[in-house]
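Shown next, in structure tokens, is the structure this report addresses.
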Amino acid sequence: MRNFVLILLVTAACLAFLITGHLYWERKIEATVQAARAKVETSAKQETETSQTEAILARAKQLPAAAQAAIKRAVEEHRPIHLVIAGSESTPENGGWPERLKQALDDAYGKGVFHITVHEYDGLTTADADRQRIAADWVKDKPDLVLLEPFLLNDNGVVTIDDTLAHIKSIIDELKSAAPNAVVILQPPNPIYNATYYPRQVQQLEAFAKENGYPYLNHWHAWPDDQSEELNRYVDPQTDLPTEEGAALWADALAKRFIAQ
């Protein structure tokens with residue numbers, strides 16, 4: 001009888017040992033499988049993120065180098081690219097070229113890649129804008145890029161070009177003191193028909209941008225010649241503001257720089 005009990009106990013112990021060992025190895029194998037699966041998923045995620053980053057940077061390759069660097073930084077930080085668009089009534093918050101550009105960027109990069117804020121300052125000159133410290137408005141948006149249309153049309157005949165350029169520099173300096181990583185891209189307002197001094201002021205703006213190392217996007221090549229009456233289809237001669245066709249033309253010209261094909 002004792003031998004029988006002993007055999008039972010040994011058998012039970014062996015079974016318990018086998019079951020425990022089996023469960024241990026099952027758990028170990030499962031843990032190994034899970035770790036391998038996690039590693040594969042992490043690698044796949046990293047590859048996807050790398051691919052997305054490369055795709056975004058490839059799209060942005062026609063922008064100035066400083067703008068590309070700002071975009072790369074935002075993408076690598078896994079957040080939207082904050083683009084502030086600011087300017088006069090030629091750069092309306094609603095219903096103009098900024099809305100069309102936003103749609104083009106959403107279509108090309110994917111919705112949400114760019115977070116765009118538009119600041120329209122109706123009727124301001126650069127002197128007004130500098131005095132009102134409008135750059136403080138942009139700082140709140142934590143911009144990576146600021147696409148600035150200075151107030152040259154509003155300054156025309158009111159503020160000298162030398163003073164205009166000094167005010168632009170003051171506005172940019174104010175922004176950079178609060179947001180040193182923000183990249184300001186200058187662009188001219190729209191052309192107007194049969195102007196004399198205004199085109200020269202725009203040329204001086206471009207020279208000023210080059211001299212000071214500010215990225216500059218010149219879209220005037222996309223418009224009809226400013227001495228041609230055809231321009232009146234794109235810019236209302238009564239208001240000097242872009243028509244619907246003009247807004248589309250302006251947005252398309254900028255989109256070609258923001259979106260490499």
For this session: Identify the heavy atoms of Ile171 and Ala129 that sit nearest to each other, and give their distance.
Result: CD1-CB, 3.9 Å

Problem set entry | Leu186/Ile172 under side chain to side chain contact (heavy atoms under 4.5 Å, CB included): CA gap, chis, key distance, verdict | CA-CA 10 Å; Leu186 292 174; Ile172 293 174; 4.3 Å; yes

Problem set entry | Polar side-chain atom of Arg73 near backbone of Asn181 as donor-acceptor pair, under 3.5 Å | yes

Problem set entry | Aromatic ring pairing Tyr121/His119, orientation class (parallel under 30°, perpendicular over 60°, tilted between) | parallel

Exercise. Are the side chains of Arg59 and Tyr109 in touch, meaning some heavy atoms are under 4.5 Å apart?
Worked result: yes

Problem set entry | N/O donor-acceptor pair under 3.5 Å between Asn190 side chain and Asp240 backbone | yes

For this session: Following the transitive rule for hydrophobic clusters with a side-chain heavy-atom cut-off under 4.5 Å over Ile, Leu, Val, Met, Phe, Trp and Tyr, establish whether Val202 and Val159 coincide in one cluster.
Result: no

For this session: Report yes or no: does Thr243 contribute a side-chain atom to a donor-acceptor pair with the main-chain N or O of Arg233 at less than 3.5 Å?
Result: yes

Problem set entry | Residues Leu153, Ile192; criterion side chain to side chain contact (heavy atoms under 4.5 Å, CB included); working and verdict | CA-CA 9 Å; Leu153 268 175; Ile192 55 176; 3.8 Å; yes

For this session: Indicate if Leu241 and Leu231 have the same hydrophobic cluster label, given that clusters are the connected sets of ILVMFWY residues with side-chain heavy-atom separations under 4.5 angstrom.
Result: no

Exercise. Can you tell if the side chain of Pro188 reaches within under 4.5 Å of the side chain of Glu206, non-hydrogen atoms only?
Worked result: no

For this session: Please report the C-alpha distance between Ile71 and Phe114 in whole Å, then the side-chain angles of each, then the deciding distance to 0.1 Å, and finally whether the side chain to side chain contact (heavy atoms under 4.5 Å, CB included) criterion is met.
Result: CA-CA 9 Å; Ile71 289 171; Phe114 278 85; 4.3 Å; yes

Exercise. Are any non-hydrogen side-chain atoms of Val184 and Pro215 less than 4.5 angstrom apart?
Worked result: no

Exercise. Backbone N or O of Gln238 within a donor-acceptor pair of the Asp236 side chain at under 3.5 Å?
Worked result: yes

For this session: Answer yes or no: is there a side-chain heavy-atom contact under 4.5 Å between His115 and Thr117?
Result: yes

Seminar exercise, completed: Between the CD atom in Gln201 and the CG atom in Leu152, the distance rounded to the nearest 0.5 Å is 6.0 Å

Problem set entry | Contact check, side chains of Asp226 and Asn194, non-hydrogen atoms, under 4.5 Å | no

For this session: Please tell me if the side chains of Tyr216 and Leu205 come closer than 4.5 Å, counting only heavy atoms from C-beta onward.
Result: yes

Exercise. Counting only N and O atoms by type, is there a donor-acceptor contact under 3.5 Å from the side chain of Gln68 to the main-chain atoms of Lys61?
Worked result: yes

Problem set entry | Other residues, nucleotides, ligands: >12 heavy atoms within 6.0 Å of Gln62 CD | yes

Problem set entry | Gap between atom CD of Gln227 and atom OG1 of Thr196 - 0.5 Å precision | 7.0 Å

Exercise. So do Val183 and Tyr214 actually touch side chain to side chain, heavy atoms under 4.5 Å?
Worked result: no

Problem set entry | Backbone N/O of Asp144 and side chain of His82: donor-acceptor pair under 3.5 Å | no

For this session: Tell me, with the steps shown, if Thr164 and Thr160 meet side chain to side chain contact (heavy atoms under 4.5 Å, CB included).
Result: CA-CA 6 Å; Thr164 291; Thr160 67; over 6 Å; no

For this session: First locate atom CG of Asp106, then atom NZ of Lys111, and finally report the distance between them rounded to the nearest 0.5 Å.
Result: 5.0 Å

Problem set entry | Polar side-chain atom of Asn154 near backbone of Leu124 as donor-acceptor pair, under 3.5 Å | yes

For this session: May I ask you to say whether Glu54 pairs ionically with Lys72, meaning some side-chain N is under 4.0 Å from a carboxylate O?
Result: no

Exercise. Below 4.5 Å, heavy atoms only, C-beta onward: do Trp250 and Pro242 meet side chain to side chain?
Worked result: yes

Problem set entry | Rounded distance [0.5 Å steps], CG in Leu101 versus CD1 in Ile116 | 5.5 Å

Problem set entry | Salt bridge Arg131-Asp128, side-chain N to carboxylate O under 4.0 Å | yes

For this session: Hey, could you give me the CG/CD distance between Asp130 and Gln132, rounded to the nearest 0.5 Å?
Result: 10.0 Å

Problem set entry | Interatomic distance, Thr91 atom OG1 to Leu147 atom CG [nearest 0.5 angstrom] | 7.5 Å

Exercise. Does Tyr198 have its ring centroid less than 6.0 Å away from the ring centroid of Trp220?
Worked result: yes

Exercise. Looking only at heavy atoms, what is the nearest atom pair of Val118 and Pro98, with distance?
Worked result: CG2-CB, 3.8 Å

Problem set entry | Exceeds 12 heavy-atom contacts within 6.0 angstrom, atom CD of Glu245 | yes

Exercise. Looking at Asp107 and Lys102, does any basic side-chain N land under 4.0 Å from a carboxylate oxygen?
Worked result: no

Exercise. Which atoms form the tightest heavy-atom contact between Leu145 and Ala70, and what is the distance?
Worked result: CD2-CB, 3.8 Å

Problem set entry | Under 3.5 Å: donor-acceptor pair, side chain of Glu89, backbone of Glu120 | no

Exercise. So, Ser228 side chain and Pro224 main chain: donor-acceptor pair closer than 3.5 Å or not?
Worked result: no

For this session: Measure from the side-chain N and O atoms of Trp223 to the backbone N and O of Tyr234, and report whether any donor-acceptor pair falls under 3.5 Å.
Result: no

For this session: Quick one: closest heavy-atom pair of His219 and Ala253, and the distance?
Result: CB-CB, 3.9 Å

Exercise. Around atom NZ of Lys176, are there more than 12 heavy atoms of other residues, nucleotides or ligands at under 6.0 Å?
Worked result: yes

Seminar exercise, completed: Closest non-hydrogen atoms of Ser88 and Glu149, given as atom of the first, atom of the second and distance, are N-OE1, 2.8 Å

For this session: Identify the heavy atoms of Ala67 and Ile185 that sit nearest to each other, and give their distance.
Result: CB-CD1, 4.0 Å

